[in-house]
Colleague: 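Okay, handing you the structure first.
Each residue takes its place number in the sequence, starting with 1. These values consider heavy atoms only, across backbone and side chains, with no hydrogens, waters or symmetry-generated copies. Atoms within a ligand are numbered from 1 in the order they appear, just like the ligands themselves.
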Amino acid sequence: MDASRREFLQKLSGLGATAVSLPLTSFAGYEKHYAEVAAQLDRLGQGRKLGIALVGLGSYSANQLAPALQQTKNCQLTGIVTGTPSKAEEWMKKYNIPKENVYDYKTFDRIADNPAIDVVYVVLPNSMHAEYVIRAAKAGKHVICEKPLAITEKECQEMIDACKKANRQLAVGYRLHYEPFTQEMMRLGREKVFGNIKFVEASDGFRAGNPNQWRLKKAMAGGGPLMDVGIYAIQGVRLVTGEEPISVTAQFAPKTDPQKFKEVEETLYWQFQFPSGITSTSTTSYAAGVERLYVSAENGWFELRPAFGYGPLKGQTSKGPIDKPVVNHQAAHMDGVCATLLAGQPLPDHITGEEGKRDVRLMQAIYRAAETGRKIQLS
Ligand code: NAD
């Protein structure tokens, strides 16, 4: 490690000791945290980037994360972990990654000795998240893990505990938390700009093509479209209401292609009830597309449509269009997480492993509700 980097990290650890975690129950709290982090980074001086290693070079890493890491200001792609030697060659050339920063799944743990890698980003099939997050924490690295955090609540807890034990931070790959249209929906909802919210409709689905993909295998995916994109609908409702559901009912739609959907649901509907009386209805599907977040309040409505994809997102309210800058979601997310890490602050609650665990718990309850036909109490 060069002297200036060591000096910088020493400054950060000093800051970390006094940093205070802000609860993000309000949108103002969210804004305050990131404004403080930005001010802190300004005071420290610009130009430092954390090194990120991507684990799993599938479509999300190749098409979204690696290109986004060419635009980030607080982090950069310094390492890769892949089981495919030809991909390693291709990525080393394309992204100028030195051989000593390239690992496979067996040599992965040696990443512990590599100071060029500060953060490990796990982008593997869902059932593999827990193992690699825990190994990354044991290697002494901060971790970002793709959604869903894991396939069971128990695994989520083990991941959180492993990071805590290693004194490293765990973030979940919720890119929309740093996306301006989504943040505006949060503000409109949480600050009750249109009065109290009465109900929310939030749905996300697409037509899943390849019948052999891991997303259709329960052991690897943990479930069907709910685990993959329905999680965005859950997030959307929680983000705009700022409340946690108290009960849920759910129904599986009949399968139109039982052969393809042997192991996981094809389409699923669920309804949440919230403490203030807000209700929400959602659909998720691998049979056909749907993507919107619609909020109806006492004095008007606000919506995103599309709401959850890579963008550009589009927003309307009963008073006119939502006009916000279009950003690269993945770059904004990684920069946001790494800004907090660079500032030596604890990650705010909204982006931690705990937040990922909340959604996994809700998804398990949705499945239980659909399987039993009963209303499941959540609190
Ligand atoms: P993918 O199938 O394209 O890539 C998976 C990668 O894992 C491949 O490189 C594959 O070689 C590797 N792999 C290692 N062991 C494997 C095994 N036993 N079986 C299958 N693959 C194995 O998947 P993806 O679309 O890149 O998704 C990866 C993760 O990223 C998932 O958790 C997914 O939910 C998440 N994701 C998030 C977003 C988002 O918007 N946040 C978007 C897409 C995917």
Colleague: Side chains of T152 and Q364: is there a donor and an acceptor less than 3.5 Å apart?
Modeller: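 No pair is found: no donor N or O on one side chain lies under 3.5 Å from an acceptor on the other.
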Colleague: Distance-only, no hydrogens or angles: does the K73 side chain make a donor-acceptor pair with backbone N or O of D335 under 3.5 Å?
Modeller: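 Checked: no pair found.
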Colleague: With a 4.0 Å cut-off on heavy atoms, is Y310 touching ligand 1?
Modeller: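 Per 4.0 Å heavy-atom rule, Y310 contacts ligand 1.
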Colleague: How far is atom 28 (C) of ligand 1 from the closest protein heavy atom, and which atom is that?
Modeller: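 Answer for atom 28 (C) of ligand 1: V123 O, 3.3 Å.
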Colleague: Identify the closest protein heavy atom to atom 4 (O) of ligand 1: which residue and atom is it, and at what distance?
Modeller: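 Protein heavy atom with the smallest distance to atom 4 (O) of ligand 1: G58 CA, 3.2 Å.
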Colleague: Taking 4.0 angstrom as the limit and counting only heavy atoms of H129, give me the atoms of ligand 1 inside it, by number and element.
Modeller: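 So the answer, numbered in order with elements, is 32 (O).
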Colleague: Checking the side chain of N126 only, and the main-chain atoms of I151 only, is there a donor and an acceptor separated by less than 3.5 Å?
Modeller: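 Checking the backbone N and O of I151 against the side chain of N126, no donor-acceptor pair under 3.5 Å is found.
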Colleague: Does ligand 1 have an atom that lies less than 4.0 angstrom from a heavy atom of M128?
Modeller: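 So M128 counts as touching ligand 1.
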Colleague: Side chain, backbone, both or neither: which part of Y232 has a heavy atom under 4.0 Å from ligand 1?
Modeller: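 Side chain only; the backbone of Y232 stays clear of ligand 1.
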Colleague: For Y132 together with Y105, are the ring centres under 6.0 Å from each other?
Modeller: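 Between Y132 and Y105, which both carry aromatic rings, the centre distance is below 6.0 Å.
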Colleague: Do any nitrogen or oxygen atoms of T84 come within less than 3.5 Å of a nitrogen or oxygen of ligand 1?
Modeller: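 Among all N and O atoms of T84, none is under 3.5 Å from an N or O of ligand 1.
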Colleague: Distance under 4.0 Å to a non-hydrogen atom of R175: what atoms of ligand 1 satisfy this?
Modeller: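 That gives atoms 39 (C), 40 (O), 41 (N) of ligand 1.
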Colleague: For Y294 and F302, I'd like to know if the aromatic rings sit close, meaning centre-to-centre distance below 6.0 Å.
Modeller: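 Centroid separation for Y294 and F302: 6.0 Å or greater.
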Colleague: With a 4.0 Å heavy-atom cut-off (strictly under), which part of Y105 contacts ligand 1: side chain, backbone, both or neither?
Modeller: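 The answer is the side chain of Y105.
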Colleague: Could you tell me whether W214 approaches ligand 1 through its side chain, its backbone, both or neither, with non-hydrogen atoms closer than 4.0 Å?
Modeller: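 Side chain only.
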Colleague: Give a yes/no on ligand 1: does M220 have at least one heavy atom closer than 4.0 angstrom to it?
Modeller: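 Contact check M220 vs ligand 1: positive.
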Colleague: Side chains of Q330 and Q71: donor-acceptor distance under 3.5 Å anywhere?
Modeller: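 Q330 vs Q71: no donor-acceptor pair found between side chains.
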Colleague: What protein heavy atom sits nearest atom 37 (C) of ligand 1, and how far away is it?
Modeller: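 Here the closest protein heavy atom is E146 OE1, 3.0 Å.
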Colleague: Could you tell me whether the side chains of N114 and E100 share a donor-acceptor contact shorter than 3.5 Å?
Modeller: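 Their side chains do not contain a donor-acceptor pair, so the 3.5 Å distance test is not met.
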Colleague: Please write down residue, atom name and distance for the protein heavy atom closest to atom 3 (O) of ligand 1.
Modeller: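 In this structure, atom 3 (O) of ligand 1 has S59 N, 2.8 Å as its nearest protein heavy atom.
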Colleague: Give me the nearest non-hydrogen protein atom to atom 11 (O) of ligand 1 as residue plus atom name, then the distance to 0.1 Å.
Modeller: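 Protein heavy atom at minimum distance: K87 NZ, 4.0 Å.
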Colleague: Kindly indicate, with the supporting measurements, whether the criterion salt bridge (Lys or Arg N to Asp or Glu O under 4.0 Å) is fulfilled by E201 and R292.
Modeller: CA-CA 8 Å; E201 291 180 11; R292 67 179 190 142; 2.4 Å; yes
Colleague: Closer than 4.0 angstrom: is that true for some heavy atom of R215 and an atom of ligand 1?
Modeller: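 In this structure, R215 qualifies as a contact of ligand 1 - some heavy atom is under 4.0 Å.
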Colleague: Hey, is the main chain of K255 close enough, under 3.5 Å, to the side chain of E266 for a donor-acceptor pair?
Modeller: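 No, E266 side chain to K255 backbone: no donor-acceptor pair under 3.5 Å.
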Colleague: Got the closest protein heavy atom to atom 29 (C) of ligand 1, with its distance?
Modeller: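 Nearest protein contact, heavy atoms only, for atom 29 (C) of ligand 1 is L124 O, 3.4 Å.
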Colleague: Hey, which atoms in ligand 1 end up nearer than 4.0 Å to a heavy atom of G173?
Modeller: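 Going through ligand 1 atom by atom, the ones under 4.0 Å from G173 are 41 (N).
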Colleague: For Q273 and T279, which I'm curious about, is there any donor-acceptor pair between the side chains at under 3.5 Å?
Modeller: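 No, T279 and Q273 have no side-chain donor paired with an acceptor closer than 3.5 Å.
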Colleague: Identify the protein heavy atom lying closest to atom 26 (O) of ligand 1, giving its residue, its atom name and the separation to 0.1 Å.
Modeller: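 Ranking protein heavy atoms by distance from atom 26 (O) of ligand 1, first comes Y60 N, 2.9 Å.
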Colleague: Among all protein heavy atoms, pick the one closest to atom 20 (C) of ligand 1 and tell me residue, atom and distance.
Modeller: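 Protein heavy atom at minimum distance: P125 CG, 3.6 Å.
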Colleague: Does the E298 side chain pair with the main chain of N196, one donor and one acceptor, at a distance under 3.5 Å?
Modeller: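 Such a contact is found between E298 side chain and N196 backbone.
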Colleague: Ignoring angles and geometry beyond distance, decide whether Q330 reaches within less than 3.5 Å of ligand 1 through its nitrogen or oxygen atoms.
Modeller: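 So ligand 1 has no N or O lying under 3.5 Å from an N or O of Q330.
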Colleague: Side chains of H329 and T182 only: does a donor on one sit below 3.5 Å from an acceptor on the other?
Modeller: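 No, because no side-chain N or O of H329 sits under 3.5 Å from a partner of the opposite role on T182.
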